[in-house]
Structures are given as structure tokens and as C-alpha cells.
Enquirer: 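Handing you this structure, nothing more for now.
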Amino acid sequence: MPAVTVPTVTVPTLTARAVVADGAGGLAVETVLVEPPGRGEVLVEVRASGVCHTDLDGLRRWCTRPTVLGHEGAGVVAAVGEGVQHVAPGDHVLLTWAIACGRCVPCSEGAPTLCEVLGGERGHAHPGSTRRPDGTPLDRWFNLGTMATATVVRAEAVVPIPADVPFPSACLLGCAVMTGFGSVVNAARVRAGSTVAVLGCGGVGLNVVQAARLAGARRVVAIDVDPARAEAARRFGATDVLRPERGDTSLRGLRADLERIGGGRLLDYAFECTGVPALAVAPLACIRNGGTAVQVSGTEERVTVDMTLFEWDKTYLNPLYGQCRPSVDFPVLVDLYRRGQLLLDELVSRTYPLEAAAEAFADAAAGTTSKGVLLP
Ligand SMILES: [Zn+2]
Ligand SMILES: [Zn+2]
């Protein structure tokens, strides 16, 4: 296809509303100023931003300076900076937080989430193009800051999507869906006919469930201490539902049930999606010799491990962002959604206006919503 030259448009500094973490655990919805996009940047009018567990972690622990929260967003391109050719004003887009240089060794080997050039520019914050009216620069979470009516992001973070995908559903592709689906399909490479356990049926866990179904697993066991959440997983493809005793972090109490479901043996795969550090190694207790345990939560705490859990020949993976390759994976996810095979609309348990961000975070922290979405 010949390169298309998109005229750049000069836009003035905008006034926007944004959810700002104060750097000390609190948040407020503030009026902010957003600079026009520079070279290689895109101004996006955000229409939906999911509330992800990582936003909660950011609010509570990691954002030590004032930061616009949100890293799971979708919206409309309002303007593009010089040199941006793959999107134009009016395009519907989702935002991906794992931008990559495309040239370093991991990028060249097809592992852009491990990019050694731009990887360090993710999570933690760089002064961006958003500031307070008094001039204070604001960091943007994952260099996106999607919990705002507008944000300027690097062109590499912008992925065009068809206009018929509703924004609240589209935004989830950018983190929860990609993380869950990619952990199953890209990282663990779940085989047709296999047996799978999924620990935790929140926003990411439900996507692990539906990806395991799409991969052809014959049994998908949803495990959650909340029976309603586990039952809800049936709609996404769970064939069995188990409820562990609270406090049974080893999950040894589920062993007999898992062996029954597995036809006399433990399961082939188990995915931990609970966000509970003490459960980081629990998937090892669910799998047979030679099975694969996947820790999807991104646990970073110290955990004491009983090494017999690894016996024998078990594989333990902790994939980053489902090993996302934006140009490969997002078109697949959009196609599966449009063909009715990937449930997205059903993932959204509640939407909130941007001004109700505090309530959305409180609900996410309490676990009363599997997936809340802010509508800036
Ligand atoms: Zn996330
Ligand atoms: Zn790279």
C-alpha cells in the first residue's frame, strides 16, 4: 500500500478533565492543560478507560508524584503530530501500554513486550504533555493517562480499530483482554483437548477462561472464593466451578476435585489471575507432572515457595502483557469479537462518568465489580 501523507493540524493547548493521583494515595478529578501533539505523537479524545488492578496499585504504591491515572483506553484521534502516518483525525483507536522500538534484539525476535529500548519507559512516569493550570507537570500512568478527556501519546501506542466496536468494550482490549488472552494463546500455548484451571474470575481471569475455550480446552475450571463470580465464568466458557476455602493459599484442598475433573489426574495448565501475592505459586498445586503454571497477576512481592510444588518437570511462566504483539494480536481479537466468539460487552460490569472515578476505584478495591469502565 502506498504511504499516505496525512496533513498535520495545529491545535491549541486544550483544557481537559483528568483523574489525578496525588502521589500520596489519594485521587481527585482535576482540570488540566494538554499540549498539542509533537512529532511522532497523537492527541486522543478518550471515550472509555477501564479500571485495572494496576491503576489501583499505582494509586496506592507506585505513583509518588502527581500522575494522571489509566492505561486501558479507547477513543478518537483528534490530531496527529508531524510524521504520524498510520492514523488520522477521526479514527477510532485503542491504546497499548507496551510500546516497542522495533529494532532491538527482543523486538527483532518477535518479543516486543521485552523491548530493551522503550521497555523502561513504561509503568513509571515521565513528565508528559499534561500539566496543571499552575504549570505543575503531571506524569501519565504508563505514558498514557487514559483517565482523562484527552491525552497526548506516542504514535506507537495507538492502534486503529473499526468504528463498530463500542468504546467501553474496545478499551478492555488494551490491557485485561490482551493480558488474559495472550497468556493462554501466546505464552502457555494451550493445546486443544487439554484441561485448564483459572484462579480468580475478575477482568483478566474471565479472559483467560474465554481464551482457553477458544484454544479448544475440553475442561476449563473457574476457581474463585466468590461463588457468583465463579458462576459468571460459565458464560465465558468455564465447564466447572470450584470454590476454595478462604485462606487455603496452597489450594491443596481442591486437589481431589481437580483430579476428578481431570479424569484421575491434575490439570494440564493453571493460571493465577487473583492479584493475591500469596497465591502466586498456587497454580503449581493444580497441575500434573510436566504441566504448565502461569502467573498472570504480575506479583512483585516476596513469596515463600514450597519447592516440592515444582515436582516434577513443571513449567512456571510469568508473561508480560500476554506477550502482546500489537499488529498481530489486536486485529485477531477484534475479528473474534465481531464474529461473536470473544465476549467484550459482557465483561463490563459497570460504567461510571469520569467525575465518579473515586467510586469506581472503591468498587474495584472492594471487588464488587469485575470490570468498571470510566466514560470521560
Ligand atoms: Zn492493566
Ligand atoms: Zn525494542
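Atoms within a ligand are numbered from 1 in the order they appear, just like the ligands themselves.
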Enquirer: Which atoms form the tightest heavy-atom contact between Val190 and Phe271, and what is the distance?
Expert: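 Residues Val190 and Phe271, closest heavy atoms: CG2-CZ, 3.8 Å.
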Enquirer: Check Arg47 with Glu45, please: is the shortest side-chain N to carboxylate O separation under 4.0 Å?
Expert: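 Counted as a salt bridge, because a side-chain N and a carboxylate O are separated by less than 4.0 Å.
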Enquirer: In the structure I gave you, are the side-chain heavy atoms of Glu116 and Pro106 within less than 4.5 Å of one another anywhere?
Expert: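 The answer is yes, as the side chains (C-beta and beyond) meet within the 4.5 Å cut-off.
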Enquirer: What are the protein N/O/S atoms, named by residue and atom, that sit under 2.8 Å from the Zn ion (ligand 2)?
Expert: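 The answer, once waters are left aside, is Cys101 SG, Cys104 SG, Cys107 SG, Cys115 SG.
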Enquirer: List nothing but the number: protein N/O/S atoms under 2.8 Å from the Zn ion (ligand 1).
Expert: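 The number of such protein atoms is 3.
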Enquirer: For Asp268, is there an ion pair with Arg191 - N to carboxylate O distance below 4.0 angstrom?
Expert: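 Looking at Arg191 and Asp268, the cut-off is not met.
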Enquirer: Parallel, tilted or perpendicular, judged at 30° and 60°: which one describes the rings of Trp97 and His71?
Expert: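 Answer is perpendicular, since the angle exceeds 60°.
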Enquirer: Would you mind writing out the side-chain donor-acceptor pairs for residues 252-260 within the sub-3.5 Å range, not counting sequence neighbours?
Expert:
from: Arg252; atom 1: NH2; to: Asp306; atom 2: OD2; distance (Å): 2.9

Enquirer: Are Arg350 and Glu359 ion-paired here, with the side-chain N under 4.0 Å from a carboxylate O?
Expert: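 A salt bridge links Arg350 with Glu359.
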Enquirer: Pick one: which of Leu144, Val42, Leu118, Asn143 meets side chain to side chain contact (heavy atoms under 4.5 Å, CB included) with Arg154?
Expert: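 The single option meeting the side chain to side chain contact (heavy atoms under 4.5 Å, CB included) with Arg154 is Leu118.
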Enquirer: Suppose we screen for side chain to side chain donor-acceptor pair (under 3.5 Å). Which residues come up paired with Arg325, at least two apart in sequence or across chains?
Expert: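 Residues passing side chain to side chain donor-acceptor pair (under 3.5 Å) with Arg325: Asn186, Asp329.
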